[in-house]
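To start, the structure itself, in structure tokens.
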Amino acid sequence: MRKGLVSTAFALSMLGSAAMPSMAEDTLKIGYVDPLSGGGASIGQIGLDQLHFIADTVNAKGGVLGSKIEIIAYDNKLSPQASLVQVQKAIDEGVHIIVQGNGSAVAAAIENFVAKYNERNPGKDIVYLNYAAIDPILTNQSCSYWHFSWDANVDVKMEALTNFMKSRADIKKVYLIDQDYSFGHSVADAAMRMLKAKRPDIQIVGNEFHPLVKITDFSPYVAKIRASGADTVITGNWGQDLALLIKAAGDAGLKVNWYTFYAGGAGGPTAVKQANLPDQVFQVTEGVNNIDYTPAQETARAYMARHQSDPVFYPRMFNLTGMLFKAIEEAHSTDPGKFAPKLEGMKYATFSSGEEGIMRKQDHQFFQPLYISDFGPLNAKQPFDEEHTGWGWKVVAQIPVKDTVTTTTCKMTHSE
Amino acid sequence: MVEIVLISALDGVLYGMLLFLMASGLTVIFSMMGVLNFAHASFYMLGAFFGFQISRYLGFWAGLVAAPLLVGGLGTVVERYGLRKVHRHGHVAELLFTFGLAFVIEDLVEMVWGKLPVDYRVPPSLDFPAFTIFSGNYPAFKVFELLTAIAIFAALLLVVKRTRVGLIVQAALSHPDMVGMLGHNVDRIFMLVFGVGAGLAAVAGVIAGPALVTQSNMAGLLGPILFVVVVVGGLGSLSGAFLASLLIGLVQTFAVASNASLAGAFGDLVPSGWLQAYVGDIWNVTVAQVAPILPYLLLVLILIFRPRGLMGTRES
């Protein structure tokens, strides 16, 4: 018995060392810090799958500057405190590139941490690449040289949504429901401000905040929306907060139009289909699969062949990694201190349509074409459905880069 | 307005009944054995996952019957070979044992089913609107959840009040030592109660799983609320647990439905005062926003003003 235990322990420890990330110096390590358990896991896992897919594709072609890419995942449980512990752990393990996206509160904490770390450790620079957190504060008041942001921020997205909504005369009463943290409040504030300016006749009949990824039954909220008499809901909800909200609306038979940022995320399409809301759910994103652009569609097909059960897709992750690798190659260095200047002002053919986007030097915000799409039954020219529902995203409006540019209050010190 | 009140009442009672399915087991185990079972919500989670797995092969109804039996069996095994051994070393050891067990179960669930939510569907035979109130539908599955919970409550009440086993359990609730002295096999009663408690939690898991989200953090989300129910209801009282469950269910749903805030009640603060800077946030926050912490507020108040709980029969 004892002998058995010893050999088991030995076997386990061998297993452990085999599973440890290899410490070889010739890989380019990218640390992915996002929720991989708990309420945000469904979203965090997709970003990780996609990073692995990109790394494998690039590695098959020989890697970047001859070194292979290694993705190391760190579960931050969507908590700012846990994220800082994980970022520190990543740095200790030799990671210089941190990728994170979910939760603007997390993003703000990491942005601040990385800036301070680089100040205290000259010559050991860390760069933070943000693929999804879009609270405007990240590229305004609290902007940092070591932070780059790839998704359009809340103000830009809301500007696009409200420009589209402005011409729809059937919108009379709008209900706002958002997650109760910095990002949700930014969305609600922007919606109020812009609707008031563009359509003063629209009545805002509710402005609700609920706890982030803690609600499992949204039916009390749906009852409230119905009682308000709203015909339209605007929400910045993402992940399970969006999927469950729409699911509860479907259960209660609430028929309103939904204007969202993230209905395309994990579980969203399934919930919309189950709630039977054809062409009533809109989202604003940097691209959808049914844009007729062959390179993007081919990549999407390859990805979906590999992740059949979880076929959701973020184009912004491709823009982020593509630009990162380009900057590293231009700088001939994997040192963030050397390649970060190359990212500033970089022009890049965006993944979804090939149209050119630009990383603004002033605040490190990426500007790109945006698309408003609605979700419903497809025609022959729209080959991509979502989550095997038979329905897909169809572009209803396109916003060129020049119309997405906003002003910034950011004053950062650029490296010389 | 009437619509919101009606729907909130229905939802609140439903949530309360689900809480009671779990809290009933927890409160009986706590009162009889003195063990605050941290792993109780984990049995609820196991119920949901077992139910999901069985439903994929044999359908939802088979899951509803088999999953609680399996989890109940698991509960008795845990009691017989885990808790009973640890019991000799006192309550702290038992507490730590259940505390660790909760983590072990969560990790096992993550290993088997992953960290993402599983696709646990409402059975097609119950996937329709049961009735329409005002302009909204009320899903049939929710009505089914409610009826199941009420049926189990009635059955439990019958067993406890009308059978010999119930008599001994009741006696053991308030005077566990005396029951042992009288020659009853207290060990076996403990095992039985633990198993039934785990099974009841699993029933809650099977019927809540499709309606809510079935994923590995669902135990963590519900666990703390259960302790609130037990404390508010009072030690050694099933009816107390019932009352507390309903109370907490209703408080939470009605709080969400409410838009009241201090600003709404007393008018806006004078802008630009020092008062605005310090209490502005608290002044403007709505009851709906603080809904999730209300049960814990209740917990604190009860502990201060009525430490034995609403219907508690003894102090410790």
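Residue numbers begin at 1 in each chain, while the letters A, B, ... track the order of the sequences.
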*CZ on A:Arg226 to CG on B:Asn137, rounded to 0.5 Å*: 7.0 Å
_CD-OG1 distance between B:Gln215 and A:Thr216, expressed to the nearest 0.5 angstrom_ = 9.5 Å
_Contacting moiety of B:Pro292, where chain A heavy atoms sit under 4.5 Å_ = side chain
*Roughly how far, to the nearest 0.5 Å, is OH of A:Tyr221 from OG1 of B:Thr253?*
10.5 Å
*List the atom of B:Glu110, the atom of A:Ser37, and the distance in Å for their closest heavy-atom pair.*
OE2-CB, 4.2 Å
*asked:* Are more than 12 heavy atoms, taken from residues, nucleotides or ligands other than B:Phe103, located less than 6.0 Å from that residue's CZ atom?
replied: no
*If you draw a 6.0 Å radius around CZ in A:Arg306, do more than 12 non-hydrogen atoms from other residues or ligands fall strictly inside?*
yes
_Let's test your reading of the structure: which of B:Asp11, B:Asp127, B:Ile7, B:Val122 forms the most heavy-atom pairs below 4.5 Å with chain A?_
B:Asp11
*Closest heavy-atom contact between B:Pro139 and A:Asp251?*
CG-CB, 3.7 Å
*Can you tell which of A:Ala223, A:Gly253, A:Ala252, A:Ala266 has the highest number of heavy-atom pairs within less than 4.5 Å of chain B?*
A:Ala252
*Measure the CG-OG distance between B:Leu10 and A:Ser219 for me, rounded to the nearest 0.5 Å.*
10.0 Å
*Pairs of heavy atoms under 4.5 Å with chain B: top-ranked of A:Gln274, A:His210, A:Lys214, A:Lys255*: A:Gln274
*Atom of B:Val256, atom of A:Glu208 and distance for their closest heavy-atom approach*: O-OE2, 4.4 Å
*asked:* Less than 4.5 Å to any heavy atom of chain A: does that hold for the side chain of B:Thr214, its backbone, both, or neither?
replied: neither
*Quick one: CG on B:Asp119 to CD on A:Glu387, what's the gap to the nearest 0.5 Å?*
9.5 Å
*Might you confirm whether atom CZ of B:Phe99 has over 12 heavy atoms from other residues, nucleotides or ligands at distances under 6.0 Å?*
no
*B:Tyr81 atom OH, over 12 foreign heavy atoms within 6.0 Å*: no
_Please give me the minimum heavy-atom distance between B:Ala257 and A:Lys224, naming the atom from each residue._
O-CE, 3.4 Å
_For B:Ala211 against A:Lys247, the heavy-atom pair lying closest together_ = O-NZ, 3.6 Å
*Out of curiosity, A:Asp217 CG to B:Lys142 NZ, how far, rounded to the nearest 0.5 Å?*
4.0 Å
*With only heavy atoms counted, which part of A:Asp75 is less than 4.5 Å from chain B, the side chain, the backbone, both or neither?*
side chain
*asked:* Does any backbone or side-chain atom of A:Leu244 lie under 4.5 Å from a heavy atom of chain B? Answer side chain, backbone, both or neither.
replied: side chain
